[in-house]
Each structure stands twice: as structure tokens, then as C-alpha cells.
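We use all heavy atoms of the structure for the numbers below, so side chains are in, but hydrogens, waters and symmetry mates are not. Order of the sequence lines sets the chain letters (A, B, ...), proteins ahead of strands, with each chain counted from 1.
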There are 2 protein chains.
Amino acid sequence: MKSTINDVAARAGVSIKTVSRVINNEPSVRPATRKKVMDAVEELHYQPNLAARNLAGTRSYTIALIYDNPNAYYVIDMQNGILEACKARGYELLIHPSNSKSDTVNDELRALVEHSKVAGVVLTPPFSETQSVIDEVNKLDLDYVRIVSSGAAEGDEENCIQVDDTAAAFDITKHLIEHGHKRIGFLSGGEEHVSTHGRLDGYKQALQQAGINLAPELVIPGEYSFDSGVAGAKALLESDTPPTAIFASNDEMAAGALFAARLMHIEIPEQLSIVGFEDSPFSRQTWPKLTTAHQPNNEIAKCAAALVLNKARSKGAAESAAANKEAGITKVFVPELLVRDSTGDSPAG
Amino acid sequence: MKSTINDVAARAGVSIKTVSRVINNEPSVRPATRKKVMDAVEELHYQPNLAARNLAGTRSYTIALIYDNPNAYYVIDMQNGILEACKARGYELLIHPSNSKSDTVNDELRALVEHSKVAGVVLTPPFSETQSVIDEVNKLDLDYVRIVSSGAAEGDEENCIQVDDTAAAFDITKHLIEHGHKRIGFLSGGEEHVSTHGRLDGYKQALQQAGINLAPELVIPGEYSFDSGVAGAKALLESDTPPTAIFASNDEMAAGALFAARLMHIEIPEQLSIVGFEDSPFSRQTWPKLTTAHQPNNEIAKCAAALVLNKARSKGAAESAAANKEAGITKVFVPELLVRDSTGDSPAG
DNA sequence: CGCCAATTTGACAGCGTTGTCATTTTGCTC
DNA sequence: GAGCAAAATGACAACGCTGTCAAATTGGCG
């Protein structure tokens, strides 16, 4: 049967408090004692009971992941990365899909703290970039990590895992320019997403560096969806001076652009180059396969989880938080250009 | 501040035990008393503490979802459906992605019970169709629900939510036949999946009903992946007597078939009809959009969760389990034919 | 060898519930 | 209106752990 702290204590010949000290890595335990306890833990396959810990202690052993993202692959990657980090440290993960439109996150956050006693949260866009959410989390004295597009990290770098959309978009645009493209359409995502601004900036910077003037009519507003990709691409392609390449702010919009091009009997990449962003699985399953920027979501999630977990832990135990915190945790990620089959030389020469 | 059972008891002027009885729907509480307590609960926004409940009680308030499915949309739909049911009844969900290849599920299941004290599990394919897993779950005396393809429900219908792949595949094939197709290729999924057998059966039954002889060379083995869809379709289309339609066992394979057809400059649906299965989001984002069968995963998940939750609950409280159990819970789902743009009349006439 | 401060260890009281069992109250019946 | 079984309620001890604080042990020094 499942063994408890009492069993371990008896076996090691110490009090339960000492066992508690050992498993929590508290100071003031003689090495010899520590070893006795560890051996007993080993032999009995002891695992502290989470419910009891949550009930008794001031700190808790569950964290939550808050998200609202239509891309299931993104969410799954995040979950798996965090789960991995949690498992390694004996934490539990509560997943919490929320609705960014309905504005109930703050209440939900409070409920999470009061009811489930979560110790920390991982915030993903758009929540991670919403001031009221950040304020609430601070007010609740919750440990948190924000996964954000670099632009949104401001003075809070300490609590952020950044994705440098600008740098990645710069690379993508440069790739297009190197293939001779001069008129490059830009399909932007929803205004409310910091990432779309970052991507637009990268696009602009690359143009500027190449000495190409920005043509405002080539930048089309949209909203990160397949349909808006179709619409945006159509608008672009039906204009008098259509672009020779289209930079879609994410893969879904790129797939939409592909769809629109097909409808108009435009050959990809011979007559038009199209790039996406994100490297979602279906970017490999389009025809032709999409050139895109790979975002290492699983890795990002792992780092994010490690960050919150370290925070929660360093509160209780007397560890060098600063030293521990940075160990092996990447805090800025630059999505990497992935050249596949949807881009080629500009037909314009 | 968070209120406890003591606060409620004080406010209602009863003992905490009585409050406990009320919130657990136990008998032997006078209606007047019950009302007093309910009012107090209401006023104080009382919510029982999960950790305490899990620690003190014999039953627990967390269930787990076990899965291993590369389709992120499937997983997310499941999660959301279950989460909804959990929230409604104050349960907590632990997600547990596992690896069906590594054969460690049983150990993980045991750990889930011993360590996290889960009350029940929702099993999805392939775990729901693996005998050793079912045995283990029974051994652990866990409440469970299996989401399975009808073929795998055997004598365990009580614990199953069935998806009738055969009926749906029959409908799909019939749709093709009605469009004049006589040579219909079948791209099958992995042998180990019960669903693929069910789908193949439906295909066969439809052919038979229409008096079409089964051409064995038209049934190609595969494994539910994009690549195997490409390969299978190629094999089919390069043969001497290619089919005029292809029934892919899932959308991913159908996308692969689409890809292969494109490579071979075959027009869809003019020269070839292609159908998928599952209605995954990207089936809407292919060109042309895929005709497929819609599987209401979210709904399926809700019913599955309701089923386990009722079981767990009926153990403790004295409710008419049977009556309660069936209330509003659908146990057999037939995916529905969704005609889009990838199917049309047979070119063969 | 004894004293004292620092270090290590342990006893015990919670944490917010549920389970067990004793006690009180209710509603009959005669 | 007394007597009694049944129904309703409550007191109190768990559950497995952490936090607090007191007790025991250590080791350095005179």
C-alpha cells in the first residue's frame, strides 16, 4: 500500500518532521540523517501526498496554464512542455482554457487561487499581454511567467519568456528580398496581438535595410484566421500592381493565401511566393509546403514552467534564487526560418 | 477571504457535519435545515476545499484523461468537453498524455491512483482498446469510461462511449457510389486501431449493398499519417486501373492523397474524388475543401466525463445510480457525412 | 571536563474536510 | 402524555503533511 511520511520516519528512525525537512530540502539536517531518510524514501518508494501538502503548507504544488489560442498544436506543445517540468519536480498542472473576449479571466484567476490554491500561473498571449490580467496576478501575489512577444516585455523581463517576432520576421522578409522580391504583401494578424506588430516591424526593418520603400497599400489588416488570409490575399492579388510575394503573419493565413492563389489560378511559387509563421503541422501538409518560421513552443513551455517553479520553490526554501533561477533557462527565443517549397525567385526578376 | 465549512456552519447555526451532509447531498437532513445551510453557502460563496476533501474522504475529486493522439484538435476537444463536465460538478481534471508504444501506461495509471488519488479515468484510443490497460484499470478498482470504436465495446457497453465508424464509413461510401463511383480506393489506417477496421467494414458493406465487387487491390494499408496518405494514393493512382474515388481513413491521409493527386496533375474533384474522416480543422483549409465525416468529439467528451463522474458520485451518495447514469448521456455516436468540395461525379460515368 | 551558543531534532497543533458513532429530536402509537 | 423506534444532528478523531516552538545534541573554548 501507499507509504506515508510516518512509514518513512519509522523506517529511518527519525521524526516525521525530519523527513519533511529532507524532502523539502530544508537546511539544518545533518548529512548522515539526510542519508538515512533518503534511503528510507527510496526503499519505500515514498511520494509525498499532494493533497496533504496543499492542505497543510502555505505553499502549494499546483500551477495553472492559462490560454486562449485557436491553434490546438500550440496549446498541446505548451501543455506537454509544462507537464514535463512539473513532473520532474512533483508539481501538478491545471489547464485553464479561458475566453479573452469575455473578460472573466480575472475572476477565474482569483477562483484558481482561492479554490485550488495554485502557486503560480503560466500566462500565454493574449492574457500575457493584457495589463489588467498582469495587475490582477500581481494583486493576488501569484508567481507567474508571461510568454510574450518581445515588445510586451517592457520593464518586466524578469517574469517574461520572450519570442522575438521582429527578428524572425526580419529574417523571413530578408529571405524573400534575397530572392529578388521587391513588392512584398503583408497580411497582418489582429491588432490586439503584440506579435503581429512585432512581425510587421521586422518586415519594415528588412525592407528599409534593403532600401525598398514601404508601400502602405501592401499591408493588409486581418486576424490570424484562414478566412482573413483568403480575403487579404485576394485583395492584394486583384490590385493593379500585385505583389510577387506575400508574408502572412501566421501559417493559417498563409494557407488562406495559398487557397486564394489557387482560386485565381496563380502558380506557387513560380508566380507568387508565400510565407507563413509558426510552423504549425499543417504548414507541412499544404501544397506546396509552406516556408515559415519555426517557433519552439515545447522548449518555450519548458523554460516558462521552470521559471515559475523556481520562483515558487525559492520562496520557501533557502536557496540562492538568483543563481538557481537562470540555470539553463532561455529567456528569449528567435523563431527560425524554415525554407520549404512555397517561396522562390521573383517572377519580376 | 476564502470561507470554510466552519464559517458556513456558524452562519447557518448548525454543525460542520451537517453542512458537509448538505453539500454532499446526503440523506437525513431536514428540508428546513438544508435550506438554512444552502443560504449560508450562497451568501458566503462557499466552495469546498479540494485538497481537504481529497485528504479526508475516501472518494476523490479528480479524474484523469489518458491519451496518445497526434491530432491536437482531437485532444483539445476532448479536454474541453471533459473540463466542462468537471467544472459543473466541482471536479478537477488531470491531463495525462502517455505513450502507447512504450507500454508504461499501467505504471502511470497506478501512480495516478496512489499519488494523485484519482477517482476515475477517461480512456481514449488506443488505450481504451488495449486489453492490458482495461485489466489494470479494473484491478485498480478505478471508475473508467472507454471511448471506443464500436467494435471494441464487446460485453463492456456499460463503460463505453462508442463511435460507430462502420455506420459512418457506410454513409461516406454510399455518397461516393451515388455519384457513380464504382472503383473506390480505400486507404486504411494502422492495423492496431479498431477504428480503421470499423471504417473498412462500412466501406465493404456499402459496396456489397450496391452490388459492387470488392477489389482487394484497391485497399491499401497505411497508418493514419499524411505521408502514408501520399504513398497510398500514389500507389493507387499509378496502377493500370486507377480508382475514380479514394476513401482515406482520416483527414490527414486524405490531405496526403490530395497532395499526391496534385503532384500527378490530377484535378479534384473532376478527375478524382477524395473523402476523409474526422473533420479536423485543416480539412476545411485544403484545396479543395475535403468531404469528410464529422465526429463530435467535444460532445463525446462531455458524455464520457458525465459517465465517470456519475459513477464516482453514486458510490458515495445514495442515489439511484442507474436512473442517474443514463440521464442525457448518449452512448453511441455516428459521425455525420459532411459534403464539401473534394467529391463529385465519377468521370467514368 | 564543563559551559554556552549554535545546530539539529522532535512534539504537537493545525489545515478543511469526511467518517464513525453517540446524542438529541421528531413523530408515532397506545 | 408516556414510551419508543426512526430520523436528524453533532462531537470528535482521523487524513498526511507543514509550521511553530521547545528540547536535545553538538562542538568549541576556557
Side-chain angles (χ1 to χ4, degrees), chain A residues 1-37 41 44 46-62 90 92 114-117 119 312-313 315-318, chain B residues 1-37 40-41 44 46-62 90-92 114-117 119 312-313 315-318:
Chain A
M1 207 52 285
K2 193 171 51 170
S3 48
T4 76
I5 199 171
N6 288 295
D7 303 330
V8 177
R11 174 132 191 142
V14 299
S15 75
I16 59 168
K17 182 65 228 196
T18 297
V19 175
S20 171
R21 287 200 179 91
V22 172
I23 60 178
N24 287 296
N25 246 305
E26 285 170 34
S28 292
V29 178
R30 216 168 310 167
T33 314
R34 186 178 298 271
K35 180 164 185 336
K36 272 194 302 187
V37 174
V41 165
L44 298 173
Y46 170 69
Q47 284 232 290
N49 176 306
L50 248 153
R53 276 185 142 179
N54 280 336
L55 184 56
T58 48
R59 69 186 210 258
S60 106
Y61 291 82
T62 85
E92 201 179 63
E114 292 186 357
H115 185 215
S116 301
K117 203 178 176 185
R313 165 179 300 217
K315 256 189 193 167
Chain B
M1 201 54 284
K2 191 172 53 174
S3 49
T4 75
I5 198 172
N6 288 295
D7 303 331
V8 178
R11 176 135 192 139
V14 298
S15 74
I16 58 168
K17 181 67 226 192
T18 299
V19 176
S20 172
R21 287 199 179 90
V22 171
I23 60 178
N24 287 295
N25 246 305
E26 284 171 34
S28 292
V29 178
R30 215 168 310 167
T33 313
R34 188 176 299 271
K35 178 162 187 336
K36 271 194 301 184
V37 173
V41 165
L44 298 173
Y46 169 69
Q47 283 231 286
N49 176 307
L50 248 152
R53 277 184 141 178
N54 279 337
L55 184 57
T58 49
R59 70 187 209 256
S60 108
Y61 291 82
T62 86
Y91 276 69
E92 199 177 63
E114 293 186 356
H115 185 216
S116 301
K117 203 179 175 188
R313 165 179 299 217
K315 256 188 191 167

Point to revise | Partners meeting side-chain hydrogen bond (donor to acceptor under 3.5 Å, both in side chains) with A:Y46 (sequence neighbours left out) | key: none
Check your understanding: Between A:N24 (CG) and D:dG19 (P), how many Å, whole number?
Key -> 7 Å
For nucleotides 12-16 of chain D, list the nitrogen or oxygen atoms of the protein found under 3.5 Å from its nitrogen or oxygen atoms, one pair per line.
| residue | atom | partner | partner atom | Å |
| --- | --- | --- | --- | --- |
| D:dC15 | O2 | B:A56 | N | 3.3 |

Study note, to complete from the structure: Contact check, residues 28-36 of chain A vs DNA chain C, heavy-atom distance under 4.0 Å, returns A:S28, A:V29, A:R30, A:T33
Point to revise | Donor-acceptor pair, side chain of A:T62 and main chain of A:E92, under 3.5 angstrom | key: no
Check your understanding: Does A:N54 place a side-chain N or O at less than 4.0 Å from the phosphate oxygens OP1/OP2 of D:dC17?
Key -> no
Check your understanding: Of all residues at least two apart in sequence or in a different chain, which pass the side-chain contact (heavy atoms from CB on, under 4.5 Å) check with B:A52?
Key -> A:L55, B:N49
Practice item. Could you state the atom-to-atom distance from CD of B:E26 to P of D:dT9 in whole Å? Key: 13 Å
Exercise for review: Measure the CZ-CD1 distance between A:R53 and A:I5 for me, rounded to the nearest 0.5 Å.
Suggested key: 8.5 Å
**Study point:** Under the side-chain contact (heavy atoms from CB on, under 4.5 Å) test, residues paired with A:A9 that sit two or more places apart
**Key:** A:I16, A:V19
Exercise for review: With sequence neighbours excluded, tell me which residues meet side-chain contact (heavy atoms from CB on, under 4.5 Å) with A:S15.
Suggested key: A:K17, A:T18
Check your understanding: When the C1' atoms of the five terminal pairs at each end define the local axes, what inter-axis angle does the helix from C:dC1-D:dG30 to C:dC30-D:dG1 show, to 10 degrees?
Key -> 50°
**Study point:** For A:R21, all residues meeting side-chain hydrogen bond (donor to acceptor under 3.5 Å, both in side chains), sequence neighbours excluded
**Key:** none
Which side-chain N or O atoms in residues 29-36 of chain A pair as donor and acceptor under 3.5 Å with protein atoms at least two apart or in another chain?
| residue | atom | partner | partner atom | Å |
| --- | --- | --- | --- | --- |
| A:R34 | NH2 | A:E26 | O | 3.1 |
| A:K35 | NZ | A:D39 | OD1 | 3.4 |
| A:K35 | NZ | A:D39 | OD2 | 2.7 |

Exercise for review: Kindly write out the residues that satisfy salt bridge (charged side-chain N to carboxylate O under 4.0 Å, His left out) with B:R11, not counting sequence neighbours, or none if the list is empty.
Suggested key: B:E43
Point to revise | Contact interval (first through last nucleotide) of DNA chain C with protein chain B, 4.0 Å heavy-atom | key: C:dG16 to C:dT26
Point to revise | Polar side-chain atom of B:N54 near backbone of B:A51 as donor-acceptor pair, under 3.5 Å | key: no
Review point. If each of A:T18 and B:S20 is mapped to the nucleotide of DNA chain C with the nearest heavy atom, which maps nearer the 5' terminus, i.e. the 5' end?
Key: A:T18
